[in-house]
Trainee: 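Attaching a single structure in C-alpha cells format; questions to follow.
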Amino acid sequence: MAEPIHITRSLSIDPSEIEESFVRGSGPGGQNVNKVASAVQLRFNLAANTSLPEPVKRRVAGLAGSRLTKDGVIVITANSHRDQPLNRADALERLVALLRAGVFVPKPRVATRPTLASKKRRLDKKTSRSAVKRMRSRPNDND
C-alpha cells in the first residue's frame, strides 16, 4: 500500500484517488517530443473525495477555476520538463499546493471608513489638480 500524501499535519489524501495518464508533450525536446509521452495529466476527483471536509472542497473548487471539470474532477497537466518523472512530481506538487491553499480560511475583510483628514487631502488634491488644468486651457474672453 502506498504512503498517503500529506496536505497538512492532520489532513492527507490516498494516492489511489489520483489518476495519472501520460500524453505527448509540447515544448522543448526536439524529436523526443514526437516519440515519448513525457507530459502528465493528473486527475483528482474532488467531488467523490471523502478525506477532505466540505468547506475545504468548496474553497479548492473556487481556487481550481478552469482546472475543475463539471463532474468535480481537478485536471492538472504538467509538461514543462523533458523527463516523465519530473513532470509527475511537478503535477503532484501543484495539486498539493492547490489543496494546501484551500485549507486556509481567508481572513474576512473589515470595512473601514476614510478618516476626515484623508477626505480633506483628497479634496485638496482635486482642487489643485483642477487649478492646473484650468491654467492649461485657453483664456476665456468673457472674463
Side-chain angles (χ1 to χ4, degrees), residues 1-140:
M1 187 172 150
E3 190 177 310
I5 300 165
H6 296 284
I7 308 303
T8 62
R9 287 182 188 176
S10 59
L11 202 62
S12 61
I13 57 171
D14 189 24
S16 65
E17 295 176 322
I18 297 173
E19 186 183 312
E20 291 175 336
S21 57
F22 302 100
V23 293
R24 287 188 182 153
S26 62
Q31 284 299 307
N32 192 50
V33 172
N34 302 331
K35 295 187 289 184
V36 181
S38 60
V40 177
Q41 201 173 54
L42 185 136
R43 294 174 167 275
F44 176 70
N45 194 340
L46 185 66
N49 184 281
T50 56
S51 59
L52 297 175
E54 265 321 300
V56 172
K57 283 186 188 180
R58 279 196 302 275
R59 283 192 295 273
V60 169
L63 290 169
S66 63
R67 293 174 288 189
L68 186 71
T69 64
K70 290 178 183 174
D71 303 326
V73 178
I74 296 174
V75 180
I76 296 176
T77 306
N79 62 358
S80 57
H81 303 285
R82 287 179 62 166
D83 198 26
Q84 194 181 74
L86 289 176
N87 281 329
R88 285 180 75 184
D90 183 36
L92 187 61
E93 244 176 67
R94 286 165 43 196
L95 175 68
V96 170
L98 179 68
L99 294 174
R100 280 190 182 138
V103 168
F104 297 106
V105 180
K107 191 173 127 184
R109 183 188 179 278
V110 177
T112 57
R113 293 179 56 198
T115 62
L116 190 61
S118 69
K119 285 182 185 176
K120 187 168 175 13
R121 279 193 303 269
R122 182 180 65 86
L123 293 174
D124 288 346
K125 282 181 186 175
K126 281 173 69 89
T127 306
S128 66
R129 189 76 188 143
S130 172
V132 167
K133 290 191 173 218
R134 208 177 319 112
M135 291 300 288
R136 287 183 189 161
S137 68
R138 273 208 177 113
N140 197 350

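If you read the sequence from its start, that first residue is 1, and numbering goes on from there.
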Trainee: Side-chain contact test, heavy atoms from C-beta onward, threshold under 4.5 Å: evaluate it for E20 versus Q41 and give yes or no.
Mentor: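 Of all side-chain heavy-atom pairs linking Q41 with E20, none is under 4.5 Å.
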Trainee: Verify, without hydrogens or angle tests, whether R94 (side chain) and T77 (backbone) share a donor-acceptor contact under 3.5 angstrom.
Mentor: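 Yes; at least one donor-acceptor contact below 3.5 Å.
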Trainee: Does the side chain of I5 reach to within under 4.5 Å of the side chain of I18, using non-hydrogen atoms?
Mentor: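 They are in contact (side-chain heavy atoms under 4.5 Å apart), so the answer is yes.
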Trainee: Please name the pair of heavy atoms, one in S38 and one in H81, separated by the smallest distance, quoted to 0.1 Å.
Mentor: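 That would be OG-O, 4.2 Å.
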Trainee: Minimum heavy-atom separation for R59 to V103, with atom names?
Mentor: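 Smallest interatomic distance, heavy atoms only, reads NH2-O, 3.2 Å.
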Trainee: Would you check if L42 and S21 make a side-chain contact, meaning some heavy-atom pair closer than 4.5 Å?
Mentor: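 Not touching, per the 4.5 Å side-chain cut-off.
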Trainee: How far apart are the closest heavy atoms of P15 and P4, and which atoms are they?
Mentor: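 For P15 versus P4, the nearest heavy atoms are CD-CA, 3.9 Å.
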Trainee: More than 12 heavy atoms of other residues, nucleotides or ligands under 6.0 Å from CZ of R88: is that the case?
Mentor: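 No, the 6.0 Å shell around CZ holds no more than 12 heavy atoms from other groups.
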Trainee: Scan side-chain atoms only and decide if T69 and D71 contain a donor-acceptor pair under the 3.5 Å cut-off.
Mentor: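 T69 vs D71: no donor-acceptor pair found between side chains.
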Trainee: Which atoms form the tightest heavy-atom contact between A47 and K57, and what is the distance?
Mentor: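 Scanning both residues completely, I find the closest heavy atoms to be O-NZ, 3.5 Å.
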Trainee: Verify the distance criterion only: is there a donor paired with an acceptor across the side chains of T115 and S118 at less than 3.5 Å?
Mentor: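 Side chains of T115 and S118: pair found under 3.5 Å.
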Trainee: State the CZ-CG distance between R100 and L95, to the nearest 0.5 angstrom.
Mentor: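 Interatomic distance, R100 CZ to L95 CG, rounded to 0.5 Å: 10.5 Å.
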Trainee: Any side-chain donor paired with an acceptor under 3.5 Å for N45 and E17?
Mentor: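 Per modelled atom types, N45 and E17 side chains form no pair under 3.5 Å.
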Trainee: Between V60 and L52, is there a side-chain heavy-atom distance shorter than 4.5 Å?
Mentor: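 They are not in side-chain contact.
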Trainee: State, yes or no, whether a side-chain contact exists between E19 and F44 at a heavy-atom distance under 4.5 Å.
Mentor: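 With C-beta onward as the side chain, the pair stays apart.
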Trainee: S51 and I13: which non-hydrogen atoms are nearest, and at how many Å?
Mentor: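 Distance-wise, the nearest heavy atoms are OG-CG2, 3.7 Å.
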Trainee: Kindly say whether K126 contributes a backbone atom to a donor-acceptor pair with the side chain of S130 at under 3.5 angstrom?
Mentor: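 Checking the backbone N and O of K126 against the side chain of S130, no donor-acceptor pair under 3.5 Å is found.
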Trainee: Hey, are the side chains of L68 and V73 touching, using non-hydrogen atoms and a 4.5 Å cut-off?
Mentor: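 With C-beta onward as the side chain, the pair stays apart.
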Trainee: Please determine whether side chain to side chain contact (heavy atoms under 4.5 Å, CB included) holds for the pair R67 and L98, giving the CA-CA distance in whole Å, both sets of side-chain angles, and the decisive distance to 0.1 Å.
Mentor: CA-CA 11 Å; R67 293 174 288 189; L98 179 68; 3.8 Å; yes
Trainee: What are the two closest non-hydrogen atoms of N87 and S80, and how far apart are they?
Mentor: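 The answer is OD1-N, 3.4 Å.
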Trainee: Look at atom CG of L116 and say whether more than 12 heavy atoms of other residues, nucleotides or ligands are closer to it than 6.0 Å.
Mentor: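 Open.
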